[in-house]
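Here's the structure we're looking at; comments come further down.
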Amino acid sequence: MHNEPTTATSTPVGGTPPEAPLRYTAALAADIEKRWQDRWAELGTFHTPNPDGPLTDGAGHHVAEQTPAFFIMDMFPYPSGDGLHVGHPLGYIATDVVGRYRRMCGDNVLHALGYDAFGLPAEQYAVQTGQHPRVTTEANIATMRRQLRRLGLAHDERRSFATTDSDYVRWTQWIFLQVFSSWYDADAVRPDGGRGRARPIAELEAEYAAGERATPDGRSWADLDVVERRRVLDASRLAYVSETPVNWCPGLGTVLANEEVTVDGRSERGNYPVFKRNLRQWNMRITAYADRLADDLDLIDWPEKVRSMQRNWIGRSEGAQVTFEVIGGTEVEVFTTRPDTLFGATFMVVAPEHPLLDEVPAEWPDGTHKTWTGGHRTPVAAVAEYRTASAAKTAVERQADAGRKTGVFTGHLAINPVNGEPIPVFTADYVLMGYGTGAIMAVPAQDERDWQFAEAFELPVVRTVAPPEGWEGGAYTGDGPAINSSNEEISLDGMEVADAKATITAWLADKGLGTGTVTYRLRDWLFSRQRYWGEPFPIVYDEHDLPIALPESMLPVDLPEVPDYSPRTFEPDDVHSTPEPPLGRNEEWVHVTLDLGDGPRTYRRDTNTMPNWAGSCWYYLNYLDPGRRDVLVDPALERYWMGPQHNAATGSSGGVDLYVGGVEHAVLHLLYARFWHKVLFDLGHVSSVEPFRTLFNQGYIQAYAYKDARGQYVPASEVVEDEAASTGFTWEGQEVHREYGKIGKSLKNSVTPDEMYEAYGADTFRVYEMSMGPLDLSRPWETRAVVGSQRFLQRLWRNVVDEHTGELTVVDEEPAPETLRLLHRTIDDVRTEMGAMRFNTAIAKLIVLNNHMTGLARVPRVVAEAVVLMVAPIAPHISEELWSRLGHPDSLIREPYPVADPAFLVEDTVTCVVQVQGKVRDRLEVPASIGEDELRELALATAGVRRALDGREVRTVVVRAPRLVNVVPA
RNA sequence: GCCCCCGUAGCCCAACUGGCAGAGGCAGCCGGCUUAAACCCGGCACAGUGCGGGUUCGAGUCCCGCCGGGGGUACCA
């Protein structure tokens with residue numbers, strides 16, 4: 001088991017002087033690193049044991065149930081063909097350091113890395129090369145595995161997988177079927193006491209059949225025919241097909257979720273225009289979970305930034321729905337967050353798509369203002385034109401028009417329910433059909449937008465909240481006493497906003513005119529894509545064109561071969577195009593004869609695929625036991641690794657103990673995954689309430705890039721500093737401008753991990769990345785600074801090994817008291833810093849101790865061993881090598897992390913700062929245990945204080961024994 | 001427009017509940033080692049914390065108002 005301590009006696013390349021054959025150079029580092037990587041693999045050093053089942057540690061043992069579990073994850077990578085640059089491994093190194101540290105603290109650590117391998121880039125590459133995306137994907141994964149292995153990550157390789165594995169796809173489809181086969185019962189009580197949970201759709205069917213629940217149209221279940229019954233159930237499912245306005249992106253040839261469309265109405269990927277189109281697509285009823293997704297953010301330890309982004313995206317807002325009667329028409333419901341301002345509602349606005357506009361009066365009513373008609377002779381003409389114009393607007397145009405108020409009078413008059421006043425109904429595109437009820441009561445006095453509209457259309461303003469004294473602005477949206485707000489039955493006058501809201505809402509409810517309501521910005525999740533490289537839906541359609549779930553036994557539904565993988569794409573601005581899924585090109589696959597219980601019949605398959613997010617919605621569960629295929633996840637394993645209270649730090653939510661990744665997934669992946677997890681929770685498949693207990697967003701490593709006079713990027717590695725140049729930098733003699741940006745080919749500033757391994761070794765690279773600064777900050781890469789980290793490891797090496805002879809230089813001597821104090825101080829500090837993921841400061845403290853050792857005539861073994869163990873999580877290869885040379889046959893991977901002896905942490909004497917009026921005037925060396933009174937006397941007697949007081953009286957003396965005294969003169 | 005984060009030495013960054021502005025690294029300078037250079041070793045210097053107010057015995061830290069950089073979001077009623 002003990003391996004030869006050194007096989008690296010040959011002179012490594014890289015200019016090592018012959019007199020120091022064992023200097024810690026890049027070549028020696030490479031030799032050590034590769035050797036340990038092989039050894040770790042051979043011994044299964046990183047095999048993480050489960051409490052039960054096939055996965056044991058390297059020695060074949062299970063873990064005891066009571067051993068604390070610590071589950072670490074990286075947001076899993078998309079294996080791109082470009083390979084890695086130095087920015088990519090930052091998070092992986094950080095989680096590896098945490099994992100190795102926790103392991104040395106006694107935890108059973110689960111850490112592995114899978115691959116998110118479905119999706120656009122692989123498909124686009126396949127289209128270009130004609131190779132099947134599976135081939136390129138697998139090649140990319142192999143490349144990435146090789147690059148990452150060289151980093152020395154302590155991952156359990158047995159638990160790695162790709163979302164494209166047929167085995168994995170099967171369970172992604174299985175979860176889809178669970179969602180499809182469920183409905184949301186908003187009244188059901190959950191085990192945690194809250195209301196609302198997913199239940200099997202069969203239970204809904206049973207309730208209908210038993211008459212316990214009324215059908216939507218009130219007919220009895222028995223009176224519905226089979227197809228009608230199916231439609232009723234289908235409408236309640238958590239995954240449902242519906243014809244709704246969706247984001248159609250002709251440039252990509254697919255529809256997209258709201259979350260995948262940028263602020264300016266373009267696709268997040270590819271930056272193509274996106275159009276609203278009514279199409280029949282799959283949706284997931286994430287809106288049913290809006291409250292829980294918002295509320296449970298309080299249970300988890302996430303950056304406040306991400307939590308607020310999710311809250312904003314969900315956009316919960318409380319208000320009231322109020323019914324307005326329309327003269328000669330139907331009633332219109334409006335949603336408002338300010339029911340207290342109802343007396344100030346002087347007009348109404350409905351979205352151009354609002355059904356009220358399907359019929360409008362034939363003539364303009366009396367009193368119609370000229371500016372209201374848009375120059376049209378009848379409301380019919382005016383509304384028709386406005387609706388057409390607004391429908392033709394792209395998201396980009398809407399964006400550009402924001403703030404400019406357009407609209408037209410519809411000819412309808414509505415009645416303000418609190419005062420019976422007739423008010424004109426307008427249509428304007430600043431009111432959105434997709435939010436609230438698509439209709440608003442406009443209160444210009446208390447709403448900016450309504451104020452602008454009222455100004456443009458010369459509409460009256462009635463203030464119902466008194467603005468502050470001297471208010472000269474328009475709409476006043478702040479707090480204040482209500483005014484002008486009374487009728488024969490009720491008066492709000494004098495009430496503050498909150499009171500007025502509550503009072504009027506109660507009054508409305510009492511009169512049957514309105515109810516308190518909550519609305520959300522969140523929309524249901526559009527779940528189908530017209531792409532090839534994704535999971536097929538496990539769904540077929542019968543002659544009624546209604547979806548039928550395939551039985552579990554028919555999973556997975558694998559992707560068929562098709563003649564062409566690319567979706568039909570269109571001119572990016574071709575509004576009239578329609579999606580054409582590639583899977584539809586395989587007729588034999590699409591039309592399939594199956595026996596689903598009624599004998600063999602012909603069905604039509606769903607030709608959509610799932611979005612890329614599907615695979616990342618549950619992958620954390622697959623790490624627990626990727627080999628097990630008879631259940632989604634073993635409940636006992638899920639409880640051990642993820643359950644509530646599964647270790648001392650996990651709260652009631654349970655979930656992954658540390659999840660590290662970029663902030664760009666704040667509302668996409670992280671919201672979708674939470675949603676799926678809650679469905680699985682409701683259906684009893686998991687015990688944790690949330691998938692990710694602690695989230696950490698790492699910053700990005702960026703780099704300088706340089707442009708020449710023509711604006712072309714030049715290779716950053718060839719640019720030199722040049723004081724003579726006005727820009728400070730030149731490339732091949734010409735002046736270049738420096739910019740700061742992403743690392744990548746396009747900016748010609750890429751640096752790869754492979755180059756770092758070659759020039760410095762993986763350990764140096766790891767130390768450098770961890771010492772650059774706090775993990776959550778973005779910062780510039782600077783290759784020439786890496787040498788500092790190499791020097792640190794070189795000194796560490798030299799502190800233990802003679803670089804000429806290879807002999808150990810440590811001695812079995814008791815360290816000097818000063819050394820012991822520094823050692824234990826360092827242990828204590830480093831533990832604190834490591835625990836808080838402040839690796840940069842942990843490294844700084846280790847450097848101080850290491851430098852101290854460098855100055856000693858002989859390095860005591862106990863100090864050397866402690867330093868080696870403390871460095872191990874960050875620079876594991878050199879640490880293993882030194883540990884082995886120090887005479888330990890086994891890997892240090894589970895060696896206890898050093899613990900400080902409190903006896904060495906107390907200092908006998910400390911330096912006390914003596915201030916006069918906050919300025920340092922003297923210093924005192926005093927016993928740490930000195931009393932306040934004694935210290936005050938000593939301080940007042942110092943020469944510095946006497947000089948600074950210069951005869952003035954003393955007013956007070958602030959004493960913070962033993963470190964500070966501040967004398968305040970009169 | 002609104003919300004969030006960040007501004008400390010030439011550069012990357014430390015500074016516990018307010019208590020000596022400096023831990024660490026890069027670059028720079030001086031010296032040692034060397035025939036010489038690199039590596040290595042020892043040493044030195046460098047800012048008063050983006051700007052303006054305020055609170056306090058005392059402010060990088062807390063409060064108010066700005067400026068600069070980054071991110072999110074936007075007719076959401």
Side-chain angles (χ1 to χ4, degrees), chain A residues 15-17 20 23 25 262-264 303-306 308-309 312-313 315-317 319 334-338 341 349 398-399 401-405 428-432 434-443 446-450 452-453 519-522 663-664 666-667 697 699-700 702 721 728 740 767-768 771-774 776-792 794-795 798 803 829 832 838 840-848 850-851 854-855 911-923 955-958 960 963-969:
Chain A
T16 303
R23 167 158 302 168
T25 59
T262 62
V263 173
D264 32 67
E304 191 45 49
K305 176 192 169 77
V306 178
S308 78
M309 281 167 74
N312 287 338
W313 191 261
R316 182 189 154 103
S317 82
V334 304
F335 174 72
T336 177
T337 54
R338 293 294 302 274
T341 64
V349 186
R398 263 174 209 274
Q399 177 67 25
D401 286 351
R404 224 185 81 224
K405 295 287 174 291
D429 62 5
Y430 84 93
V431 173
L432 310 175
Y435 185 78
T437 59
I440 61 159
M441 61 179 217
V443 188
Q446 275 87 226
D447 185 282
E448 294 285 354
R449 300 151 297 184
D450 297 346
Q452 285 176 17
F453 194 86
T519 49
Y520 304 89
R521 200 181 88 104
L522 183 71
V663 73
E664 69 271 20
V667 283
N697 293 126
Y700 298 99
Q702 299 189 293
E721 274 185 62
Y740 182 52
V767 171
Y768 176 65
S771 64
M772 289 169 79
D776 52 352
L777 245 59
S778 293
R779 56 205 160 241
W781 176 265
E782 195 185 358
T783 298
R784 68 177 183 177
V786 179
V787 69
S789 300
Q790 187 184 35
R791 286 179 191 150
F792 165 53
Q794 264 172 356
R795 280 198 289 270
R798 224 173 11 242
E803 60 184 21
D829 289 348
T832 305
R838 288 188 296 258
N840 53 326
T841 47
I843 291 168
K845 287 168 197 305
L846 287 166
I847 289 174
V848 172
N850 193 46
N851 288 350
T854 303
T911 304
C912 175
V913 176
V914 183
Q915 300 177 335
V916 176
Q917 201 145 14
K919 297 206 166 34
V920 181
R921 298 300 184 194
D922 218 320
R923 290 185 173 80
R955 190 162 57 145
T956 37
V957 181
V958 181
R960 295 279 181 274
R963 296 216 177 257
L964 179 126
V965 177
N966 187 13
V967 180
V968 186

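Chain identifiers are assigned alphabetically (A, B, ...) following the order of the sequence lines, protein sequences preceding nucleic acid strands; residue numbering begins at 1 within each chain.
- No donor-acceptor contact under 3.5 Å links the side chain of A:E448 to the base of B:G1.
- The base of B:C20 lies close enough to the side chain of A:R923 for a donor and an acceptor atom to sit less than 3.5 Å apart.
- A:N850 places its CG atom 18 Å from the P atom of B:A23, with the value rounded to the nearest Å.
- Legend: residues meeting ring pair (Phe, Tyr, Trp, His ring centres under 6.0 Å) with A:F792, ordered by chain and number and at least two apart, are absent.
- Within 4.0 Å of A:I847, counting heavy atoms only, lie sugar-phosphate atoms of the nucleic acid but no base atom.
- Taking atom CD of A:E664 as the reference point, atom P of B:G70 lies 18 Å away to the nearest angstrom.
- If you take CG of A:N312 and C1' of B:C2, they are 10 Å apart, rounded to a whole angstrom.
- A:Q794 comes within 4.0 angstrom of sugar-phosphate atoms only, judged by non-hydrogen atoms across all strands, and of no base.
- Here, B:C6 and B:C62 have their P atoms 10 Å apart, quoted to the whole Å.
- Ring geometry for A:Y430 against A:F453 counts as tilted: the plane angle lies between 30° and 60°, on a 0 to 90° scale.
- The interatomic distance linking A:F453 (CZ) with B:C75 (C1') rounds to 12 Å, in whole Å.
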How would nucleotides 6-14 of chain B be written as a contact map, 5' to 3', with B for base contact, S for sugar-phosphate-only contact and - for no contact, using protein heavy atoms under 4.0 Å?
------SSS
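- If you check every strand for non-hydrogen atoms under 4.0 Å, A:S317 touches sugar and phosphate atoms only.
- Once rounded to the nearest 0.5 Å, the distance linking OG1 of A:T854 with CZ of A:R798 reads 7.0 Å.
- Taking atom CZ on A:R338 and atom P on B:C76, their separation rounds to 14 Å, with Å as the unit.
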Please enumerate all protein N or O atoms sitting under 3.5 Å from an N or O of nucleotides 32-34 of chain B, with distances to 0.1 Å.
none

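- The residue A:Q917 sits close only to the backbone: its heavy atoms come under 4.0 Å of sugar-phosphate atoms, none of a base.
- In this structure, A:Y430 atom OH and B:A74 atom P are separated by 19 Å, rounded to whole Å.
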Does A:Y768 form a side-chain hydrogen bond (donor to acceptor under 3.5 Å, both in side chains) with A:E782? I'd like the steps, not just the answer.
CA-CA 10 Å; A:Y768 176 65; A:E782 195 185 358; 5.3 Å; no
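- Remark: C1' of B:G19 and CZ of A:R960 are 8 Å apart, rounded to the nearest angstrom.
- Within the 4.0 angstrom heavy-atom criterion, only backbone atoms of the sugar-phosphate kind lie near A:A785; the bases stay farther away.
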